[in-house]
Amino acid sequence: MPELPEVEVSKRYLEETSLHQPVARVHIGATSLLDGISPQALARRLHHRPLERTHRHGKYLFAEVDHGGWLMLHFGMTGHLRYGRTPDPAAANAEAVFFFDNGRYLAHVDPRKLGHIGWVDDPRRMVRDRALGPDALRLDLDRFCCLAQGRHGQVKPWLMNQEVMAGIGNVYSDEILFQARLRPDARVDRLSDRDLSDLFEAMQGVLETAIDVEANPCAFPGTYLLPHRRRGGRCPRCDTPLQRWFFSGRGAWLCPRCQRRTR
DNA sequence: CTCCATGTTTAGAA
DNA sequence: CTTCTAAACATGGA
């Protein structure tokens, strides 16, 4: 479940399980995940080296390897990490597995194979090369408002645009707009200072809350839209049936009664 | 069988 | 140039 909160949870999981253990072997079950590096070259980079620290920018997770270089992980739509102990048949079926020399492994499991694994010398340079905006959790209100300057589109695609800010996807943009009570098609250039402030507060609150509950859908506060965004779902505030609108072919869930600002 | 899915990239239309 | 759409990628669950 890979938007910013899920990636942050994965980052902490990797830190708690997989640091400081030399890599004994690398198994790539789906080479299509590799981004600009061969399985052999990746194995050579990691062999005998432990992961020493992590970094996250938006939906990208990085792990620095002892003696330099960073493993880059992106989880696409269905990717997640799994730490386990060999022998384990689950490891053999994973899209990528890093076996440590203590009999443990860290697997990147991604049934849909839309994720990516790469190697970068410097995460900051990769962020620049890909023109990613600032991480959504490292913004203050002033910078957030600056990102809105000169923008004319709809607020939902704006929140999801990784070149504006990095980390927000389809599910959390719905939640943020619900908490801010803004319509997803509100025009960014028509948002008042108050709207922008509410949107910023909602963004911070939603992302931090999601990380606190480890992005577990069952554990979100009862006031959250997220567990209700499905067919037949009703607004947790006013019980109105939720609507699904489409933006570029992607479903956006909203409460037509609560989300009337702005337009 | 059909519909739908948390992401990114690309091509093309306004 | 910006904004927006649709398709493609590959697979599984309801």
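Throughout, a chain's letter reflects where its sequence line sits, starting with A, and its residues are numbered from 1.
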Where each residue is assigned the nucleotide of DNA chain C containing its nearest heavy atom, which of A:Asn161 and A:Arg112 is assigned the position nearer the 5′ end? A:Asn161
Would A:Asn102 and A:Gln21 count as having a side-chain donor-acceptor pair, cut-off 3.5 Å? yes
Would you say A:Asp195 and A:Ser192 are linked by a side-chain donor-acceptor pair, where the criterion is simply a distance under 3.5 Å? yes
Quick one: which of B:dA5, B:dG7, C:dT5 gets closest to the side chain of A:Asn170? B:dG7
Expressed in angstrom and rounded to an integer, what is the separation of A:Trp245 atom CH2 from C:dT5 atom P? 13 Å
Answer yes if the ring centres of A:Trp253 and A:Tyr224 are under 6.0 angstrom apart, and no otherwise. no
Can you tell me if the side-chain N/O atoms of A:Lys59 get under 4.0 Å from OP1 or OP2 in B:dT8? yes
N/O to N/O distances under 3.5 Å, protein versus nucleotides 9-14 of chain B:
none

Rounding to an integer number of Å, can you tell me how far A:Phe247 CZ sits from C:dA6 C1'? 16 Å
Return the value, rounded to whole Å, for the distance between atom OH of A:Tyr172 and atom P of B:dG7. 11 Å
A:Gln149 atom CD is separated from C:dT2 atom P, nearest whole Å, by 15 Å
Just to confirm, is there a sub-4.0 Å distance from OP1 or OP2 of C:dC4 to any side-chain nitrogen or oxygen of A:Arg187? yes
Rounded distance in Å - CE (A:Met160) to P (B:dA5): 12 Å
For C:dA7, the Watson-Crick or wobble counterpart (both distances under 3.5 Å): B:dT9
When rounded to whole Å, the CG to C1' distance for the pair A:Leu132 and B:dG7 reads 13 Å
Take A:Arg231 and A:Leu114, find for each the nucleotide of DNA chain C with the closest heavy atom, and name the residue whose nucleotide sits nearer the 5' end. A:Leu114
C:dT3 OP1/OP2 closer than 4.0 Å to side-chain N/O of A:Arg151: yes
Does A:His108 use its side chain to pair, donor to acceptor, with the backbone of A:Leu33 at less than 3.5 Å? no
Does one hydrophobic cluster hold both A:Phe220 and A:Val171, with members joined at side-chain heavy-atom distances below 4.5 Å? yes
Among C:dT3, B:dG7, C:dA10, the nucleotide that comes nearest once only the side chain of A:His152 is considered: C:dT3
Need one value for A:His116: base, sugar-phosphate or nothing, where a base atom within 4.0 Å counts as base even if backbone is also close, heavy atoms only. nothing
Would you please classify the geometry between the A:Phe62 ring and the A:Trp70 ring as parallel, tilted or perpendicular, with 30° and 60° separating the classes? perpendicular
Less than 4.0 angstrom between a side-chain N/O of A:Arg229 and OP1 or OP2 of B:dT6, yes or no? yes
Check this for me, if you would: do A:Arg82 and A:Asp88 make a salt bridge, where the nitrogen-to-carboxylate-oxygen distance has to be below 4.0 angstrom? yes
In whole angstrom, what separates A:Leu177's CG from B:dT6's C1'? 16 Å
Is there a donor on the side chain of A:Arg250 or the base of B:dG7 sitting less than 3.5 Å from an acceptor on the other? yes
Under 4.0 Å between any heavy atoms, over every strand shown, what does A:Arg230 touch: base, sugar-phosphate, or nothing? Just pick one. nothing
To the nearest angstrom, how far is A:Lys113 atom NZ from B:dT8 atom C1'? 18 Å
When you compare C:dA7 with B:dC3, how far apart are their P atoms, in angstrom units rounded to a whole number? 14 Å
Measure from the side-chain heavy atoms of A:Gln162 and tell me the nearest of B:dC4, B:dT8, C:dA10. B:dT8
Modelled atom types, side-chain donor and acceptor of A:Arg130 and A:Tyr60, under 3.5 Å: yes
